[in-house]
> 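The structure follows.
Residues: numbered from 1 along the sequence shown.
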Amino acid sequence: MISLVAPDVRFHRSYLAAQDEFDAAGEGTRDGDGVWVEAPDGDFAGVEFTRAELETPAGFERFVAHRRGQVDEDAPRTPGHVPCTFLWVVDDEQPDEHLGSLAIRHRLTPFLIEIGGHIGYSVRPSARGRGIATEALRLSLPLCRELGMDEVLVTCSEDNLASASVIEANGGVLEDVRHLMRRYWIDLGS
């Protein structure tokens, strides 16, 4: 069984190990994990993270606090970003092992309508092929309902058939393909 939990400092080493796996697999960007550097020009003080900073306990603690704070409507964020609930995927039998990340974006911007959707997720390469992404997406849907959503848009690259299967297994109905992205809607019911 897996769970979705709020980011926590107890995942420090496991989170970084997962990032190393993504990097080794050539997957620099990880859906569901947000970005580390929100303002490369440094004009958005307090929200920029580097790998070197995340290596330190204090830096990782600041990162976790930032991720947890993004649910707040008034939290500082890059223009165009929306309130977001960041969750980390864990195995209930290994509760300190970071398996992946999931982000629930509370509303859609024009970019999110075209490409990103309401929910982004990623599973570290060593944990793939075990149904973790399917279960993580399933667990996120009641949370979306609690946020007042009636339906959610979930997208994936046109050639990512594994992710397409995850979305379809959770009731995703393909609307179309735009910008090389499959766009699925999941009806959350009433």
Side-chain angles (χ1 to χ4, degrees), residues 1-8 11 15 18 29-36 38 47 63-92 95 98-124 127-128 130-158 160-179 181-190:
M1 289 291 295
I2 66 153
S3 296
L4 299 177
V5 300
D8 191 287
F11 297 105
Y15 178 87
T29 14
R30 295 158 288 280
D31 293 331
D33 195 36
V35 292
W36 288 357
E38 299 234 5
V47 189
F63 172 71
V64 165
H66 174 263
R67 288 293 187 256
R68 292 176 76 122
Q70 290 304 293
V71 299
D72 184 356
E73 185 72 34
D74 299 321
R77 61 179 53 87
T78 301
H81 286 208
V82 299
C84 183
T85 300
F86 286 99
L87 299 164
W88 287 349
V89 184
V90 300
D91 183 331
D92 294 339
H98 180 275
L99 298 178
S101 299
L102 186 136
I104 301 172
R105 299 161 193 120
H106 296 194
R107 61 179 178 269
L108 297 175
T109 63
F111 172 81
L112 293 174
I113 288 171
E114 292 293 317
I115 302 215
H118 284 102
I119 302 170
Y121 55 87
S122 59
V123 173
R124 70 191 292 174
R128 293 180 183 159
R130 301 185 339 219
I132 292 169
T134 301
E135 181 65 4
L137 181 57
R138 185 189 70 76
L139 291 171
S140 74
L141 299 178
L143 302 173
C144 294
R145 223 176 282 113
E146 289 175 19
L147 289 167
M149 299 176 198
D150 296 324
E151 61 181 355
V152 293
L153 176 64
V154 186
T155 67
C156 67
S157 297
E158 185 176 22
N160 188 342
L161 300 181
S163 195
S165 294
V166 165
I167 299 165
E168 291 168 1
N170 278 283
V173 176
L174 182 66
E175 178 180 37
D176 59 19
V177 177
R178 299 180 195 174
H179 314 289
M181 299 297 289
R182 293 173 181 255
R183 297 173 64 259
Y184 290 90
W185 288 95
I186 299 174
D187 186 346
L188 300 178
S190 308

> Will you find, in the side chains of Tyr15 and Asp8, an N or O donor that is under 3.5 Å from an N or O acceptor?
no
> CG of Leu147 to CZ of Arg105: how many Å apart, nearest 0.5 Å?
13.5 Å
> Evaluate the side-chain contact (heavy atoms from CB on, under 4.5 Å) criterion for residues Val71 and His106: first the C-alpha distance (whole Å), next the side-chain angles of each, then the deciding distance (0.1 Å), finally the verdict.
CA-CA 8 Å; Val71 299; His106 296 194; 4.2 Å; yes
> Apply side-chain contact (heavy atoms from CB on, under 4.5 Å) to the pair Ile104 and Met149, showing each step before the final yes or no.
CA-CA 11 Å; Ile104 301 172; Met149 299 176 198; 4.0 Å; yes
> Scan residues 160-175 for pairs that pass salt bridge (Lys or Arg N to Asp or Glu O under 4.0 Å), counting only residues two or more places apart or in two chains.
Glu175-Arg183
> Going by atom types alone, do Tyr121 and Ser140 pair a side-chain donor with an acceptor below 3.5 Å?
no
> In plain terms, say whether Glu158 and Arg182 are close enough for a salt bridge, that is, a side-chain N and a carboxylate O under 4.0 Å apart.
no
> For the CG atom of Leu139 and the CD1 atom of Ile132, what is their distance to the nearest 0.5 Å?
11.5 Å
> For His179 and Ile115, which heavy atoms make the closest approach, and how far apart are they?
CB-CD1, 4.0 Å
> Quick check: closest heavy atoms across Pro83 and Arg77, and the distance to 0.1 Å?
CA-NH2, 3.4 Å
> Please report the shortest heavy-atom distance between Phe86 and Pro7, naming the atom on each side.
O-CD, 3.2 Å
> Considering only NZ, NE, NH1 and NH2 on the basic side and carboxylate oxygens on the acidic side, decide whether Glu73 and Arg107 come within less than 4.0 Å.
yes
> Could you pull out the closest heavy-atom pair between Ala75 and Gln70, with the gap in Å?
CB-NE2, 3.9 Å
> Begin from the C-alpha positions of Leu143 and Thr85 and carry the test side-chain contact (heavy atoms from CB on, under 4.5 Å) through to its verdict.
CA-CA 9 Å; Leu143 302 173; Thr85 300; 5.9 Å; no
> Quick one: closest heavy-atom pair of Cys156 and Ser163, and the distance?
CB-OG, 3.6 Å
> Examine distances only and state if a side-chain atom of Thr155 and a backbone atom of Met181 form a donor-acceptor pair shorter than 3.5 Å.
no
> Please confirm whether the backbone N or O of Leu112 pairs with a side-chain atom of Thr109, one donor and one acceptor, at under 3.5 Å?
yes
> What's the separation between atom CG in Asp150 and atom SG in Cys144, rounded to the nearest 0.5 Å?
11.5 Å
> What's the verdict on side-chain contact (heavy atoms from CB on, under 4.5 Å) for Leu141 and Ile186, showing C-alpha distance, side-chain angles and the deciding distance?
CA-CA 9 Å; Leu141 299 178; Ile186 299 174; 4.1 Å; yes
> Just checking, any donor-acceptor pair under 3.5 angstrom between side chains of Ser3 and Asp92?
yes
> Does Arg130 have any side-chain hydrogen bond (donor to acceptor under 3.5 Å, both in side chains) partners at least two apart in sequence or in another chain, and if so, which?
none
> Among residues at least two apart in sequence or on other chains, which ones pass ring pair (Phe, Tyr, Trp, His ring centres under 6.0 Å) with His118?
none
> How far does CG of Leu108 sit from CD of Glu114, to the nearest 0.5 angstrom?
10.5 Å
> Strictly distance-based, threshold 3.5 Å: is any side-chain N or O of Arg128 a donor or acceptor partner for the main-chain N or O of Val123?
yes
> Give a yes or no on whether the backbone of Thr134 and the side-chain of Asn170 come within a donor-acceptor separation of less than 3.5 Å.
yes
> Using side chain to side chain contact (heavy atoms under 4.5 Å, CB included) as the criterion, point out the one residue from Val154, Leu161, Leu137 that pairs with Val166.
Leu137
> Can you tell me how far CD1 of Ile167 sits from OH of Tyr184, rounded to the nearest 0.5 angstrom?
6.0 Å
